[in-house]
There are 2 protein chains.
Amino acid sequence: MKKAAELFHTKGYTATTMRELAQVVGLEASSLYSHIKSKEELLIHLCFTNAKKFSDGIEEAEKQDSSVCEKIEFLLNQQIKIALEDGTSVTVFDDEWKHLSEPYLSSFLQIRKDYQRRFLKIITHGIEKKELIDISPSIIMNTLISSIRWVHLKPELLKQTGMQDLSKDISQIILTGIKK
Amino acid sequence: MKKAAELFHTKGYTATTMRELAQVVGLEASSLYSHIKSKEELLIHLCFTNAKKFSDGIEEAEKQDSSVCEKIEFLLNQQIKIALEDGTSVTVFDDEWKHLSEPYLSSFLQIRKDYQRRFLKIITHGIEKKELIDISPSIIMNTLISSIRWVHLKPELLKQTGMQDLSKDISQIILTGIKK
DNA sequence: AAAACATACGAACAAGTGTTCGTTTTTTTG
DNA sequence: CAAAAAAACGAACACTTGTTCGTATGTTTT
């Protein structure tokens, strides 16, 4: 699964061959099928495992008895942490889900939509409480989510800066920008 | 080229078939080759056309006799504009370039690297002049670039908000976050 | 109108795809 | 150690891929 994630990350799902994957794990292509049912099974697993991580994150944020800004900071930190611990999976989650076939595709999109709905709710709440500036919640959320979508591609920056500091710097930029 | 960009955008380069493309433009697959030399030619054109747009943008910013913040705001606006005018191309530029083969791949990465080098220079300059907060220029740049990487996926938000306002809102979030 | 050209087509090809099958090898269990 | 189960293999299959080729059909130039 790990090697599959790496290949999907670098070459993309469609461009990745079962024969390539086999070679990377030291097997013949046919042998893979003693362990998995299909190529898509790999993609399904990677997509939904990561989807769960994100959903769990937002659930935890919702439960917290804290200010909206603290919740958002928590979410940012959490997502940066996930991205740094398992960057290749995040790529798959971000970019390769579109190769899921039905019914997995619909299911995945549903989870994603739900995640964004809950995120939006937090932001909207923050605007109402005048914690956040009065900008379209949708714009804020998308900017927020996107702004960290490079972290998993720069592991060298992690070594340089350290996760704690990296996380703090990014949070500072974004939070300063949306705080009232 | 336009239909190709759309297909590459929704299905990905590798997953897009010449037969599909042919059907979309109302031809048989073989007929396409009266107009293009290969499938990759399409990808090459899309990648480098967009690369040029971005390079031109940063060149213009460099020339401007303005503060660093104004330059960055100009760049943000420009890139948002590009993303909204031709969203599918931006996807190809962002995500599908990796399917370029040599020597195009190296050439493309060189251009990209050069673009980031010049962007970094602007930011570093801004930090030196105390216009920007003292955070790793690399972190600032990546956050900046990424933060708008969703715009081209939400044309409905454009209709709702209008490009001018959308651009202003995003700029406000990001610039407030990095201004000293 | 003839010649030259661009465009479109169907058929085909060579290479590569995910996957299956029957068999052999290796590991685990009783 | 023998039996059962799991894992690995090579060969093959059915299908799809980008692309080529010879040919036909319009379209432009002379």
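Numbered from 1 within each chain, the chains take letters A, B, ... in sequence-line order. Side chains are part of it too, since the values below use all heavy atoms of this structure and drop only hydrogens, waters and symmetry mates.
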- Message: In this structure, how many angstroms lie between the C1' atom of C:dT17 and the NE2 atom of A:H99, rounded?
- Response: 15 Å
- Message: If you define the side chain from C-beta out and look only at heavy atoms, does anything of A:F8 sit under 4.5 Å from A:L42?
- Response: yes
- Consider the side chain of B:L27, meaning its heavy atoms from C-beta on, and name the nucleotide among C:dA8, C:dA11, D:dA8 that approaches it most closely. C:dA8
- Counting side-chain heavy atoms from CB outward, which of D:dT20, D:dC9, D:dA7 is closest to A:S30? D:dC9
- Message: Just N and O in the side chain of A:S31: are any of them under 4.0 Å from OP1 or OP2 of D:dA7?
- Response: no
- Item | Between D:dA11 (P) and A:M18 (CE): distance, integer Å | 20 Å
- B:S34 side-chain proximity, nearest of C:dT20, C:dA8, D:dT20: C:dA8
- Round to a whole Å and report the spacing from CD1 of A:I44 to P of C:dG18. 15 Å
- Query: Is B:H35 near enough to C:dA6 that one of its side-chain N or O atoms lies under 4.0 angstrom from OP1 or OP2?
  - Reply: no
- B:K39 has its side chain closest, among D:dG18, C:dA8, C:dT19, to D:dG18
- Message: Could you tell me if B:T91 and B:E96 have a donor-acceptor pair between their side chains, going purely by distance under 3.5 Å?
- Response: no
- In whole angstrom, give the distance that lies between atom OH of B:Y33 and atom P of D:dT19. 3 Å
- When you look at B:E20 and B:K11, which way does the salt bridge (Lys or Arg N to Asp or Glu O under 4.0 Å) test go after all the steps? CA-CA 11 Å; B:E20 274 177 313; B:K11 311 199 56 173; 2.6 Å; yes
- Message: Would you say the rings of A:F93 and A:F108 are close, in the sense that their centroids are separated by under 6.0 Å?
- Response: yes
- Give one of base, sugar-phosphate or nothing for A:T16, where a contact means two heavy atoms less than 4.0 Å apart. sugar-phosphate
- Query: Rounded to the nearest Å, what distance is computed from the CG atom of residue A:L42 to the C1' atom of nucleotide C:dT19?
  - Reply: 13 Å
- Item | Rounded distance in Å - CD1 (A:I36) to P (C:dG18) | 10 Å
- Query: Does a distance-only test, which skips hydrogens and angles, find a donor-acceptor pair under 3.5 Å between the side chain of B:R19 and the base of D:dG18?
  - Reply: yes
- Toward the 5' end of DNA chain C, by each residue's nearest nucleotide, A:K37 or A:E20: A:E20
- Query: Whole Å only: how far is the CD atom of A:E28 from the C1' atom of D:dC9?
  - Reply: 7 Å
- Whole-Å distance separating the CG atom of A:L32 from the P atom of D:dA8: 9 Å
- Message: With no hydrogens and no angle check, just 3.5 Å: does a side-chain donor-acceptor pair link B:E102 and B:S106?
- Response: yes
- Query: Looking at C:dG10, D:dT19, C:dT19, which one has an atom nearest to any side-chain atom of B:A29?
  - Reply: D:dT19
- Message: If you only use heavy atoms from C-beta on, which nucleotide in C:dT19, D:dT19, C:dT7 is closest to the side chain of A:S38?
- Response: C:dT19
